[in-house]
Amino acid sequence: MATFQQKYESLKQEFEELDINDDGRLDKNEMFQVLDSKIGKQFDREIAEELWSNLDINHDGKVTVNEFIQILLKAEDSLKSKINNCRTTLELNYQQKRETETNLDYCQQNEKLNNFGVMEGSQLCVIVIQAANLKADGKQLDPFVTLQFDKFEKQTTINKGPNPIWKETQKFYFPVQTGKEDLKLTVCDFDKYTPNIVIARVDLNLSNNAFNLKNQQLHDIWLDLYDVNGNRSGSQLNIQIQWVYSKVKYLRDVLNSYQQQVYSQEQELLQYERDLFILYEPFVKWRQLNTKGYQKPITQAPASMIPISYQQADPTKVVKPFSDPLLDKNSKFKLITILIGLIACLTLLILFYKAQFFDLLLIIDFYILWEFNALNENRIKTLGILFGMSCFLDVVWIFCIGMKWLGNDSQDIFIPYEISIQKMISILVIISLIVRLYLILNLFQLSQEVQNLTNPQTIKIQHKNIVKIDMQNTHNIESKTYLHNGRPIVIY
């Protein structure tokens with residue numbers, strides 16, 4: 001990496017080349033003229049104007065060498081910082097997008113809808129936040145809220161005062177069958193010695209379009225409460241509510257949102273890289289000092305950047321649970337590829353004497369699945385089982401050969417040099433057997449890691465609260481817990 005002094009000296013030389021009249025100062029026309037001549041065409045005037053406005057700090061129409069160097073280095077640092085931040089954000093969104101694709105793949109294979117279009121295991125999540133202006137009638141209130149849904153009834157903790165806030169967030173879950181059920185919320189006043197008194201109540205139907213629960217997002221709403229006679233009480237209840245009736249539909253919306261974010265960020269990154277290239281372009285010495293191997297950024301987005309919203313959705317498409325970047329970063333997978341490569345070499349040697357085509361087919365199958373990003377939990381387990389069968393066959397072969405060697409007729413069956421070859425091949429088979437056993441162990445460990453990614457119910461997650469969810473930022477997609485460190489988690 002170039003030092004500040006090296007950058008300073010290179011930019012000083014660049015300034016001297018721009019300073020046509022050698023007066024140690026640079027005017028606007030002089031700079032534009034030389035910039036155009038350096039690149040053999042008109043330098044981007046928008047960037048040139050912005051550059052000049054920053055260079056001419058005291059607005060006297062002239063730029064000194066120190067001003068020139070200071071602003072160029074500042075512009076370079078600013079663009080590099082934006083590029084690095086953009087790449088970091090993109091990497092995070094790529095990871096979230098891959099996880100969402102994996103979850104969508106799982107749901108597409110396992111989700112079942114009933115006659116009402118509601119998935120099996122669908123649940124309504126309700127969180128009571130606070131109440132306002134409860135009628136006290138001149139006495140101390142100890143309010144709590146009961147929630148009734150179908151045949152289920154739950155209640156909050158007891159609070160104090162006419163404007164209670166439930167700081168300890170409680171999440172209440174209710175199974176949904178039809179999507180037409182009513183949620184009945186009743187605010188009561190607790191009394192230790194007499195029956196509890198109903199202060200106000202409200203009913204909420206899941207099919208009510210006013211709340212738009214069909215979009216499956218978390219809604220933060222205030223409900224007007226009514227007294228026992230059905231009249232407005234002037235009180236209000238604040239709840240958060242969400243109903244996910246189809247994880248497949250929900251995850252498609254989430255994936256579409258991530259794809260649009262990625263597309264926008266990729267365009268932003270391309271623009272920053274283009275601006276940096278344009279900034280470097282006229283200054284050859286500075287560019288060579290800072291950008292070894294630097295290539296001009298592409299000006300058009302690849303076809304892969306087109307958002308899902310611009311494409312026709314295909315509900316039958318199965319999203320691959322793994323992609324090359326994920327596998328390549330997995331240390332367990334790297335070890336497995338090395339082991340299989342070693343087994344391939346041993347298999348080729350053994351083939352000179354013993355038919356080892358089963359192992360060869362397994363090795364080819366592994367590399368085909370890897371090449372087409374088709375490795376998943378079940379296929380990894382299947383490979384482990386098949387390699388186990390291969391080990392069993394070789395154990396039987398070694399046993400049979402050993403019995404012949406120990407037999408009295410061994411010298412009649414084999415000529416001396418053939419016995420030597422058999423011993424050498426047997427040693428190679430034993431080495432291959434040991435490597436395969438170690439491979440099988442690693443395959444099943446990798447399948448467990450994949451299972452933790454595609455079926456996260458093994459992850460124990462605790463949360464203190466839940467926040468309102470924005471489709472542009474993050475998404476809650478599970479039935480028991482909504483957010484985990486601000487990241488989407490699906491619990492099946």
Side-chain angles (χ1 to χ4, degrees), residues 116 118 122-245 463-470 476 479-483:
F116 297 95
V118 179
S122 174
Q123 288 189 318
L124 175 71
C125 177
V126 184
I127 304 169
V128 178
I129 306 298
Q130 60 183 318
N133 303 321
L134 298 178
K135 303 302 179 184
D137 294 331
K139 66 174 185 176
Q140 175 67 37
L141 283 179
D142 301 307
F144 65 94
V145 180
T146 63
L147 303 89
Q148 291 180 298
F149 189 86
D150 200 9
K151 58 184 178 181
F152 302 95
E153 180 174 332
K154 301 179 182 181
Q155 73 175 47
T156 66
T157 56
I158 300 171
N159 216 310
K160 297 287 184 181
N163 299 292
I165 298 176
W166 281 267
K167 295 182 180 179
E168 295 183 2
T169 303
Q170 293 178 278
K171 303 174 189 177
F172 301 98
Y173 297 94
F174 302 96
V176 180
Q177 298 296 327
T178 67
K180 299 179 181 179
E181 294 92 342
D182 288 318
L183 173 65
K184 298 181 180 181
L185 301 160
T186 306
V187 183
C188 301
D189 181 26
F190 174 76
D191 194 302
K192 187 175 181 180
Y193 302 103
T194 62
N196 298 325
I197 301 172
V198 175
I199 301 175
R201 62 178 57 162
V202 66
D203 294 348
L204 189 155
N205 189 276
L206 292 190
S207 60
N208 190 336
N209 292 329
F211 301 108
N212 195 25
L213 296 180
K214 278 283 188 178
N215 69 4
Q216 306 192 91
Q217 296 303 300
L218 182 69
H219 296 267
D220 191 313
I221 56 178
W222 283 89
L223 300 170
D224 291 325
L225 299 177
Y226 298 82
D227 60 24
V228 292
N229 297 318
N231 301 318
R232 286 182 180 271
S233 65
S235 304
Q236 290 183 310
L237 183 66
N238 177 212
I239 66 170
Q240 290 181 341
I241 184 170
Q242 182 181 33
W243 172 40
V244 176
Y245 62 88
H463 299 279
K464 294 182 179 179
N465 51 36
I466 185 169
V467 298
K468 187 173 181 180
I469 290 178
D470 184 350
N476 51 335
S479 59
K480 286 294 183 183
T481 304
Y482 287 98
L483 293 178

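The first residue in the sequence is number 1, and the count goes up from there. Because the structure is predicted, anything quoted here is derived from the model rather than measured.
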Checklist outcome for this item: Taken in chain and number order and not counting sequence neighbours, the residues that satisfy ring pair (Phe, Tyr, Trp, His ring centres under 6.0 Å) with Y245 are W243
Next on the checklist: Applying ring pair (Phe, Tyr, Trp, His ring centres under 6.0 Å), can you list everything that pairs with F172, at least two apart in sequence or on another chain?
Outcome noted: none
Next on the checklist: Quick check on side chain to side chain contact (heavy atoms under 4.5 Å, CB included): which of L223, V187, I239 does V202 satisfy it with?
Outcome noted: L223
Given side chains that start at C-beta, do those of [X] and [Y] come closer than 4.5 Å, heavy atoms only?
X: L237; Y: V128; answer: yes
X: C125; Y: Y173; answer: yes
X: I199; Y: L225; answer: no

Rounded distance (nearest 0.5 Å) linking atom [atom1] of [X] with atom [atom2] of [Y]:
X: D189; Y: F144; atom1: CG; atom2: CZ; value: 8.0 Å
X: K184; Y: L204; atom1: NZ; atom2: CG; value: 12.5 Å
X: D182; Y: Q148; atom1: CG; atom2: CD; value: 11.0 Å
X: I165; Y: N159; atom1: CD1; atom2: CG; value: 8.5 Å
X: T156; Y: L185; atom1: OG1; atom2: CG; value: 10.0 Å
X: N215; Y: Q242; atom1: CG; atom2: CD; value: 8.5 Å

Going by side-chain contact (heavy atoms from CB on, under 4.5 Å), name the residues that satisfy it together with [X], two or more places apart in sequence or in a different chain.
X: V228; result: V198
X: N238; result: I129, Q130, D220, W222
X: T178; result: F116, K180, E181
X: N163; result: A132, N133

Which residue pairs pass the salt bridge (charged side-chain N to carboxylate O under 4.0 Å, His left out) test with at least one member in [range], sequence neighbours excluded?
range: residues 142-161; answer: D142-K160
range: residues 229-239; answer: D224-R232
range: residues 195-206; answer: none

Item to check | D227: partners by side-chain hydrogen bond (donor to acceptor under 3.5 Å, both in side chains), with sequence neighbours left out | outcome: none
Checklist entry - In chain order, what residues pass the side-chain hydrogen bond (donor to acceptor under 3.5 Å, both in side chains) check against S207, with sequence neighbours excluded? => result N205
Write down the atom of [X], the atom of [Y], and the distance for their closest heavy-atom approach.
X: K135; Y: L141; value: O-CD1, 3.8 Å
X: L213; Y: H219; value: CD2-CD2, 3.7 Å
X: G161; Y: L134; value: O-CD1, 4.4 Å

Next on the checklist: Tell me if a side-chain donor or acceptor on W166 pairs with a main-chain N or O of T157 at a distance below 3.5 Å.
Outcome noted: yes
Item to check | salt bridge (Lys or Arg N to Asp or Glu O under 4.0 Å) against D191, all qualifying residues, sequence neighbours excluded | outcome: none
Next on the checklist: Which label fits F149 and F174: parallel for a plane angle under 30°, tilted from 30 to 60°, or perpendicular past 60°?
Outcome noted: tilted
